[in-house]
Amino acid sequence: MCRQSATVCLVKSPALDRVAGLSLVERLRMLPDPRRPRGVCHPFVAVLLVAASAVVAGARSYAAIGQWSASAPQHALARLGARVVGALGVRVAPSAATIRRVIGLVCPGGLADLAGADPAGARSLAVDGKAARGSRHGSTPAAHFLAAMTGDGRTVTQLRVPDKTNEITCFAALLEPYDLAGVTVTADALHTQRGHVRFLVERKAHFLLVVKANQPGLHRGLRSLPWQEVTARCYDREVSHGRKETRVTRALTVTGLGLDFPHAVQAVRVLRHRTDLKSGRCSRQTVYAITDMTSQHCRRPPPRLLRPLQPATGPAEHPLTSTSTRSPRL
(Lines give C-alpha, C1' and ligand atoms only; values in the text may rest on other atoms or scores of the structure.)
Protein backbone atom coordinates (compact mmCIF):
# COMPACT_ATOMS: atom_id res chain seq x y z
CA MET A 1 0.00 0.00 0.00
CA CYS A 2 1.10 3.57 -0.59
CA ARG A 3 1.02 6.42 1.88
CA GLN A 4 -2.08 7.95 0.32
CA SER A 5 -4.42 5.12 -0.61
CA ALA A 6 -5.93 1.97 0.86
CA THR A 7 -5.91 0.22 -2.52
CA VAL A 8 -3.23 -2.13 -3.81
CA CYS A 9 -0.66 0.17 -5.34
CA LEU A 10 2.85 1.47 -4.78
CA VAL A 11 4.69 0.17 -1.73
CA LYS A 12 5.94 3.70 -1.33
CA SER A 13 6.09 6.76 -3.52
CA PRO A 14 9.06 6.73 -5.92
CA ALA A 15 11.99 8.99 -5.22
CA LEU A 16 11.78 12.23 -7.15
CA ASP A 17 15.27 11.80 -8.58
CA ARG A 18 13.98 8.67 -10.35
CA VAL A 19 11.22 10.50 -12.22
CA ALA A 20 12.93 13.85 -12.83
CA GLY A 21 13.29 14.45 -16.54
CA LEU A 22 11.00 11.57 -17.53
CA SER A 23 8.03 12.05 -19.82
CA LEU A 24 4.47 11.51 -18.61
CA VAL A 25 4.31 8.13 -20.38
CA GLU A 26 7.51 6.96 -18.74
CA ARG A 27 6.25 8.09 -15.33
CA LEU A 28 2.92 6.32 -15.74
CA ARG A 29 4.70 3.08 -16.63
CA MET A 30 6.12 3.08 -13.09
CA LEU A 31 2.57 2.82 -11.69
CA PRO A 32 1.51 -0.82 -11.07
CA ASP A 33 -1.51 -2.09 -13.00
CA PRO A 34 -4.19 -2.87 -10.35
CA ARG A 35 -6.12 -5.22 -12.69
CA ARG A 36 -5.86 -8.98 -12.70
CA PRO A 37 -3.79 -10.25 -15.65
CA ARG A 38 -6.54 -12.50 -16.96
CA GLY A 39 -8.88 -10.82 -19.43
CA VAL A 40 -6.92 -7.58 -19.79
CA CYS A 41 -7.48 -6.12 -23.26
CA HIS A 42 -6.32 -2.51 -23.12
CA PRO A 43 -2.87 -1.36 -21.98
CA PHE A 44 -3.00 0.27 -18.57
CA VAL A 45 -1.02 3.37 -19.57
CA ALA A 46 -3.10 3.80 -22.73
CA VAL A 47 -6.33 3.93 -20.71
CA LEU A 48 -4.90 6.62 -18.43
CA LEU A 49 -3.61 8.64 -21.38
CA VAL A 50 -6.97 8.46 -23.18
CA ALA A 51 -8.75 9.66 -20.04
CA ALA A 52 -6.23 12.48 -19.51
CA SER A 53 -6.49 13.57 -23.15
CA ALA A 54 -10.28 13.67 -22.92
CA VAL A 55 -10.17 15.82 -19.78
CA VAL A 56 -7.68 18.21 -21.42
CA ALA A 57 -10.06 18.40 -24.41
CA GLY A 58 -12.88 19.50 -22.10
CA ALA A 59 -14.54 16.28 -20.87
CA ARG A 60 -16.07 16.71 -17.42
CA SER A 61 -17.67 13.30 -16.81
CA TYR A 62 -17.02 9.66 -17.54
CA ALA A 63 -19.70 9.75 -20.22
CA ALA A 64 -17.92 12.63 -21.94
CA ILE A 65 -14.58 10.82 -21.64
CA GLY A 66 -16.14 7.75 -23.26
CA GLN A 67 -17.56 9.85 -26.09
CA TRP A 68 -14.18 11.45 -26.74
CA SER A 69 -12.51 8.04 -26.70
CA ALA A 70 -15.03 6.55 -29.16
CA SER A 71 -14.61 9.44 -31.61
CA ALA A 72 -10.83 9.81 -31.35
CA PRO A 73 -9.05 9.43 -34.72
CA GLN A 74 -6.69 6.56 -35.41
CA HIS A 75 -3.55 8.69 -35.36
CA ALA A 76 -4.46 10.02 -31.90
CA LEU A 77 -5.13 6.52 -30.56
CA ALA A 78 -1.82 5.36 -32.02
CA ARG A 79 0.09 8.09 -30.17
CA LEU A 80 -1.74 7.16 -26.96
CA GLY A 81 -0.84 3.48 -27.32
CA ALA A 82 -4.35 2.10 -27.80
CA ARG A 83 -4.87 -1.61 -28.47
CA VAL A 84 -4.23 -2.91 -32.01
CA VAL A 85 -6.77 -5.33 -33.55
CA GLY A 86 -6.61 -7.28 -36.80
CA ALA A 87 -4.14 -7.52 -39.61
CA LEU A 88 -4.84 -3.96 -40.69
CA GLY A 89 -3.64 -2.61 -37.35
CA VAL A 90 -6.87 -0.86 -36.39
CA ARG A 91 -6.67 0.94 -33.05
CA VAL A 92 -9.52 0.23 -30.63
CA ALA A 93 -10.27 2.78 -27.94
CA PRO A 94 -11.30 1.69 -24.42
CA SER A 95 -14.96 2.06 -23.59
CA ALA A 96 -16.38 4.41 -21.00
CA ALA A 97 -16.99 1.46 -18.65
CA THR A 98 -13.37 0.31 -18.98
CA ILE A 99 -12.06 3.81 -18.34
CA ARG A 100 -14.27 4.22 -15.27
CA ARG A 101 -13.20 0.86 -13.87
CA VAL A 102 -9.47 1.43 -14.41
CA ILE A 103 -9.49 4.95 -12.97
CA GLY A 104 -11.46 3.71 -9.97
CA LEU A 105 -8.78 1.09 -9.26
CA VAL A 106 -5.66 3.14 -9.89
CA CYS A 107 -3.65 4.37 -6.93
CA PRO A 108 -4.48 8.08 -6.44
CA GLY A 109 -1.44 8.72 -4.26
CA GLY A 110 1.04 7.07 -6.58
CA LEU A 111 -0.46 8.81 -9.60
CA ALA A 112 -0.30 12.18 -7.88
CA ASP A 113 3.34 11.70 -6.89
CA LEU A 114 4.38 10.45 -10.33
CA ALA A 115 2.63 13.22 -12.26
CA GLY A 116 3.43 16.01 -9.77
CA ALA A 117 6.18 18.60 -9.97
CA ASP A 118 9.29 18.68 -7.81
CA PRO A 119 9.05 21.63 -5.38
CA ALA A 120 12.84 21.77 -4.86
CA GLY A 121 14.05 25.21 -5.87
CA ALA A 122 10.55 26.72 -5.99
CA ARG A 123 10.08 30.05 -4.27
CA SER A 124 6.78 29.20 -2.56
CA LEU A 125 4.50 26.24 -1.97
CA ALA A 126 0.81 26.63 -1.15
CA VAL A 127 -1.00 23.98 0.89
CA ASP A 128 -4.78 23.88 1.14
CA GLY A 129 -7.66 21.42 1.16
CA LYS A 130 -11.06 21.14 -0.48
CA ALA A 131 -13.95 18.71 -0.68
CA ALA A 132 -14.37 17.16 -4.12
CA ARG A 133 -17.52 18.32 -5.84
CA GLY A 134 -20.01 15.55 -6.54
CA SER A 135 -18.19 12.94 -4.45
CA ARG A 136 -20.92 12.51 -1.83
CA HIS A 137 -23.07 9.41 -2.28
CA GLY A 138 -25.97 8.87 0.10
CA SER A 139 -24.61 8.66 3.62
CA THR A 140 -21.00 8.58 2.39
CA PRO A 141 -19.40 11.97 3.05
CA ALA A 142 -17.68 13.92 0.30
CA ALA A 143 -14.04 13.08 -0.36
CA HIS A 144 -11.71 15.69 1.12
CA PHE A 145 -8.23 16.32 -0.29
CA LEU A 146 -5.15 18.20 0.82
CA ALA A 147 -3.03 19.50 -2.05
CA ALA A 148 0.25 21.35 -2.55
CA MET A 149 1.07 23.64 -5.46
CA THR A 150 4.04 25.85 -6.30
CA GLY A 151 3.69 29.60 -6.70
CA ASP A 152 3.98 29.35 -10.49
CA GLY A 153 0.99 27.01 -10.73
CA ARG A 154 2.61 23.53 -10.80
CA THR A 155 0.78 20.91 -8.77
CA VAL A 156 3.14 18.90 -6.56
CA THR A 157 0.89 16.27 -4.99
CA GLN A 158 -2.35 15.72 -3.14
CA LEU A 159 -3.50 13.49 -0.34
CA ARG A 160 -6.94 12.22 0.53
CA VAL A 161 -7.86 13.08 4.09
CA PRO A 162 -9.32 10.09 5.99
CA ASP A 163 -12.98 10.45 6.93
CA LYS A 164 -12.34 10.25 10.69
CA THR A 165 -9.61 12.89 10.84
CA ASN A 166 -8.79 16.30 9.36
CA GLU A 167 -6.16 18.15 7.35
CA ILE A 168 -3.92 18.78 10.36
CA THR A 169 -2.89 15.15 10.68
CA CYS A 170 -2.07 14.94 6.96
CA PHE A 171 0.12 18.04 6.62
CA ALA A 172 3.45 16.37 7.40
CA ALA A 173 2.58 13.24 5.40
CA LEU A 174 1.83 15.39 2.35
CA LEU A 175 5.18 17.20 2.35
CA GLU A 176 7.47 14.61 3.93
CA PRO A 177 8.81 13.03 0.67
CA TYR A 178 10.02 16.35 -0.78
CA ASP A 179 13.08 18.55 -0.43
CA LEU A 180 11.74 21.84 0.94
CA ALA A 181 15.03 23.60 1.65
CA GLY A 182 14.59 27.33 1.03
CA VAL A 183 10.91 26.98 0.01
CA THR A 184 8.34 29.25 1.67
CA VAL A 185 5.26 27.19 2.60
CA THR A 186 1.98 29.11 2.88
CA ALA A 187 -1.21 27.75 4.42
CA ASP A 188 -4.46 28.93 5.97
CA ALA A 189 -5.23 29.31 9.65
CA LEU A 190 -6.06 25.63 10.17
CA HIS A 191 -2.38 24.76 9.68
CA THR A 192 -1.01 27.40 12.02
CA GLN A 193 0.18 24.69 14.37
CA ARG A 194 3.37 24.50 16.39
CA GLY A 195 4.03 20.97 15.16
CA HIS A 196 3.75 22.07 11.53
CA VAL A 197 6.18 24.92 12.11
CA ARG A 198 8.76 22.66 13.74
CA PHE A 199 8.39 20.18 10.89
CA LEU A 200 9.06 22.89 8.29
CA VAL A 201 12.00 24.41 10.13
CA GLU A 202 13.61 20.99 10.58
CA ARG A 203 13.40 20.57 6.79
CA LYS A 204 15.01 24.01 6.31
CA ALA A 205 11.84 25.48 4.84
CA HIS A 206 10.27 28.87 5.63
CA PHE A 207 6.63 29.40 6.59
CA LEU A 208 4.01 32.10 6.15
CA LEU A 209 0.85 31.16 8.05
CA VAL A 210 -2.45 32.94 8.59
CA VAL A 211 -3.57 33.44 12.20
CA LYS A 212 -7.25 33.52 13.13
CA ALA A 213 -9.37 32.89 16.20
CA ASN A 214 -8.62 29.16 16.20
CA GLN A 215 -5.40 30.24 17.96
CA PRO A 216 -6.98 32.74 20.42
CA GLY A 217 -3.86 33.51 22.46
CA LEU A 218 -1.69 34.04 19.42
CA HIS A 219 -4.40 36.08 17.72
CA ARG A 220 -4.74 38.38 20.73
CA GLY A 221 -0.98 38.75 20.86
CA LEU A 222 -0.84 39.82 17.21
CA ARG A 223 -3.69 42.29 17.64
CA SER A 224 -1.95 43.91 20.61
CA LEU A 225 1.30 44.57 18.73
CA PRO A 226 2.21 48.25 18.14
CA TRP A 227 1.00 48.39 14.54
CA GLN A 228 0.47 52.16 14.74
CA GLU A 229 4.23 52.61 14.99
CA VAL A 230 4.85 50.80 11.69
CA THR A 231 5.22 53.53 9.09
CA ALA A 232 6.26 51.38 6.10
CA ARG A 233 3.26 50.04 4.18
CA CYS A 234 2.68 48.12 0.98
CA TYR A 235 -0.40 48.91 -1.12
CA ASP A 236 -1.91 46.44 -3.58
CA ARG A 237 -5.03 47.15 -5.65
CA GLU A 238 -6.97 44.95 -8.02
CA VAL A 239 -10.38 44.58 -9.65
CA SER A 240 -11.62 41.00 -10.02
CA HIS A 241 -14.48 38.66 -9.10
CA GLY A 242 -16.95 41.53 -9.30
CA ARG A 243 -15.27 43.63 -6.65
CA LYS A 244 -12.59 46.25 -6.21
CA GLU A 245 -10.09 45.48 -3.47
CA THR A 246 -7.30 47.45 -1.82
CA ARG A 247 -4.86 45.69 0.50
CA VAL A 248 -2.61 47.52 2.92
CA THR A 249 0.19 45.35 4.35
CA ARG A 250 2.38 46.11 7.35
CA ALA A 251 5.20 43.92 8.71
CA LEU A 252 6.68 44.04 12.18
CA THR A 253 9.64 42.19 13.72
CA VAL A 254 8.36 40.35 16.79
CA THR A 255 11.63 38.98 18.15
CA GLY A 256 11.74 39.89 21.84
CA LEU A 257 8.09 41.02 21.98
CA GLY A 258 6.93 37.90 23.83
CA LEU A 259 4.92 36.34 21.03
CA ASP A 260 4.29 32.74 22.10
CA PHE A 261 4.94 30.87 18.87
CA PRO A 262 8.06 28.92 17.86
CA HIS A 263 10.45 30.37 15.26
CA ALA A 264 8.26 33.46 14.67
CA VAL A 265 10.40 36.38 13.48
CA GLN A 266 7.96 38.73 11.76
CA ALA A 267 4.24 39.37 11.94
CA VAL A 268 2.12 40.71 9.10
CA ARG A 269 -1.15 42.62 9.19
CA VAL A 270 -3.19 42.90 6.00
CA LEU A 271 -6.11 45.33 5.92
CA ARG A 272 -8.53 44.59 3.08
CA HIS A 273 -10.96 47.19 1.76
CA ARG A 274 -13.51 45.68 -0.61
CA THR A 275 -16.18 47.36 -2.72
CA ASP A 276 -18.81 45.32 -4.52
CA LEU A 277 -19.02 46.73 -8.05
CA LYS A 278 -22.70 45.79 -8.43
CA SER A 279 -24.20 46.84 -5.11
CA GLY A 280 -21.57 49.37 -4.02
CA ARG A 281 -21.38 47.75 -0.60
CA CYS A 282 -18.06 48.27 1.19
CA SER A 283 -16.44 45.94 3.70
CA ARG A 284 -13.20 45.78 5.64
CA GLN A 285 -11.28 42.78 6.93
CA THR A 286 -8.06 42.47 8.92
CA VAL A 287 -5.88 39.39 8.43
CA TYR A 288 -2.82 38.50 10.50
CA ALA A 289 0.04 36.19 9.54
CA ILE A 290 3.37 35.09 10.98
CA THR A 291 6.61 34.03 9.33
CA ASP A 292 10.11 32.96 10.24
CA MET A 293 11.62 35.12 7.49
CA THR A 294 13.59 38.23 8.35
CA SER A 295 13.44 41.52 6.49
CA GLN A 296 16.48 40.42 4.47
CA HIS A 297 14.56 37.37 3.24
CA CYS A 298 11.61 39.55 2.28
CA ARG A 299 13.38 42.13 0.14
CA ARG A 300 11.54 40.68 -2.83
CA PRO A 301 7.71 40.74 -2.74
CA PRO A 302 6.60 37.92 -0.40
CA PRO A 303 4.54 35.00 -1.72
CA ARG A 304 0.83 35.73 -1.51
CA LEU A 305 -1.20 33.90 1.06
CA LEU A 306 -3.58 31.11 0.21
CA ARG A 307 -7.22 31.43 -0.65
CA PRO A 308 -9.60 28.47 -0.52
CA LEU A 309 -9.45 26.00 -3.37
CA GLN A 310 -12.23 25.92 -5.93
CA PRO A 311 -13.34 22.42 -6.93
CA ALA A 312 -13.16 21.63 -10.61
CA THR A 313 -15.83 19.76 -12.47
CA GLY A 314 -14.93 16.24 -13.48
CA PRO A 315 -15.55 12.59 -12.70
CA ALA A 316 -16.32 12.66 -8.99
CA GLU A 317 -15.20 9.09 -8.43
CA HIS A 318 -11.53 9.89 -8.95
CA PRO A 319 -9.68 12.47 -6.87
CA LEU A 320 -7.26 13.68 -9.53
CA THR A 321 -10.06 14.97 -11.74
CA SER A 322 -12.45 16.25 -9.10
CA THR A 323 -10.44 18.94 -7.34
CA SER A 324 -8.00 21.62 -8.41
CA THR A 325 -5.64 24.05 -6.80
CA ARG A 326 -5.45 27.76 -7.37
CA SER A 327 -2.31 29.81 -6.98
CA PRO A 328 -1.88 31.48 -3.58
CA ARG A 329 -2.88 35.10 -3.25
CA LEU A 330 -3.68 37.64 -0.60
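Everything quoted here is computed from the prediction, not taken from an experiment. All heavy atoms count here, side chains included; hydrogens, waters and symmetry mates do not.
Note on residues 149-172: pairs passing ring-ring contact (aromatic ring centres under 6.0 Å, His included), not counting sequence neighbours, are Phe171-His191, Phe171-His196. Residue pairs meeting the side chain to side chain donor-acceptor pair (under 3.5 Å) criterion with at least one member in residues 28-46, sequence neighbours excluded, are Asp33-Arg35.
The CG atom of Asp276 sits 9.0 Å away from atom CZ of Arg243, with the distance rounded to the nearest 0.5 Å. Note that CD of Gln74 and CG of Leu88 are 10.5 Å apart. Values are rounded to the nearest 0.5 Å. In this structure, OH on Tyr288 lies 6.0 Å from NE2 on His219, to the nearest 0.5 angstrom. Summarising the geometry, atom OG1 belonging to Thr246 is positioned 10.0 Å from atom CG belonging to Leu271; distances are rounded to the nearest 0.5 Å. The distance from atom OG1 of Thr249 to atom CZ of Arg272, rounded to the nearest 0.5 Å, is 9.5 Å. For the atom pair Ser95 OG and Arg101 CZ, the distance stands at 6.5 Å (nearest 0.5 Å).
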Practice item. Under the side chain to side chain contact (heavy atoms under 4.5 Å, CB included) rule, what do Thr169 and Asn166 come out as? Steps first, then yes or no, please. Key: CA-CA 6 Å; Thr169 60; Asn166 55 32; 4.1 Å; yes
Practice item. Determine, stepwise, if the pair Leu159 / Phe145 fulfils side chain to side chain contact (heavy atoms under 4.5 Å, CB included). Key: CA-CA 6 Å; Leu159 171 67; Phe145 297 94; over 6 Å; no
Practice item. Step by step, work out the side chain to side chain contact (heavy atoms under 4.5 Å, CB included) result for Val248 and Arg269. Key: CA-CA 8 Å; Val248 184; Arg269 189 182 77 168; over 6 Å; no
Practice item. Output, in order, the C-alpha distance, side-chain angles, deciding distance and verdict of side chain to side chain contact (heavy atoms under 4.5 Å, CB included) for Leu80 and Ser53. Key: CA-CA 9 Å; Leu80 297 175; Ser53 301; 3.5 Å; yes
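Although no hydrogens or angles enter the test, the distance criterion places a donor-acceptor pair under 3.5 Å between the side chain of Ser71 and the main chain of Gln67. In this structure a side-chain-to-backbone donor-acceptor pair under 3.5 Å is missing from Arg237 to Lys244. Looking at Arg250, its side chain never comes within 3.5 Å of a backbone N or O of Ala232 through a donor-acceptor pair. No donor-acceptor pair under 3.5 Å is formed between the side chain of Glu202 and the backbone N or O of Phe199. In this structure, the side chain of Thr165 does not engage the main chain of Pro162 through any donor-acceptor pair within 3.5 Å.
Met293 places none of its side-chain heavy atoms less than 4.5 Å from the side chain of Phe207. Counting heavy atoms from C-beta on, the side chains of Pro216 and Arg220 come closer than 4.5 Å. Taking the side chain as every heavy atom from C-beta outward, Leu252 and Pro226 approach each other to under 4.5 Å. Taking 4.5 Å as the limit, every side-chain heavy atom of Lys212 sits out of range of all side-chain heavy atoms of Val287. Side-chain atoms of Leu257 and Leu259, non-hydrogen and from C-beta on, never get closer than 4.5 Å to each other. Taking the side chain as every heavy atom from C-beta outward, Val25 and Val45 approach each other to under 4.5 Å. The shortest side-chain heavy-atom distance between Gln215 and Gln193 falls under the 4.5 Å cut-off. Put simply, the side chain of Arg83 reaches to within 4.5 Å of the side chain of Cys41, judged on heavy atoms.
Shown are Thr291, Val268, Asp188, Val197; of these, the side-chain contact (heavy atoms from CB on, under 4.5 Å) with Leu209 is made only by Val197.
Here the closest non-hydrogen pair linking Ala142 and Ala131 is CB-CB, 4.4 Å. The shortest non-hydrogen separation linking Pro119 to Val183 is O-CG2, 3.6 Å. In this structure, Leu146 and Gly129 approach most closely via the heavy-atom pair CD1-N, 3.8 Å. The shortest heavy-atom contact between Thr186 and Ala126 is OG1-CA, 3.5 Å. Heavy-atom minimum distance, Leu125 versus Leu180: CD2-CD2, 3.9 Å. Between Ala57 and Trp68, the closest heavy-atom pair is CB-NE1, 3.5 Å.
Side-chain atoms of Gln285 and His273 form no donor-acceptor pair, as typed in the model, at a separation below 3.5 Å. Using modelled atom types, one finds a donor on one side chain and an acceptor on the other under 3.5 Å when comparing Asp292 with His206.
The hydrophobic clustering, which links ILVMFWY residues whose side-chain heavy atoms are closer than 4.5 Å, places Leu200 and Leu190 apart. Note on Val265 and Val270: separate hydrophobic clusters, where clusters join Ile, Leu, Val, Met, Phe, Trp and Tyr whose side-chain heavy atoms are under 4.5 Å apart, directly or indirectly. Put simply, Phe261 and Leu225 are part of the same group of oily side chains (I, L, V, M, F, W, Y) that touch within less than 4.5 Å, one to the next. The hydrophobic cluster containing Val230 also contains Ile290, counting ILVMFWY residues as joined when their side-chain heavy atoms lie under 4.5 angstrom apart, directly or transitively. Taking hydrophobic clusters as Ile, Leu, Val, Met, Phe, Trp and Tyr residues chained together by side-chain heavy-atom distances below 4.5 Å, Ile103 does not share a cluster with Val40.
Electrostatic pairing of Arg247 and Glu238 counts as a salt bridge here, judged by a charged N lying under 4.0 Å from a carboxylate O. A salt bridge links Asp260 with Arg194: at least one charged nitrogen is closer than 4.0 Å to a carboxylate oxygen. Salt bridge present: Asp152 and Arg154 bring a charged side-chain N and a carboxylate O closer than 4.0 Å.
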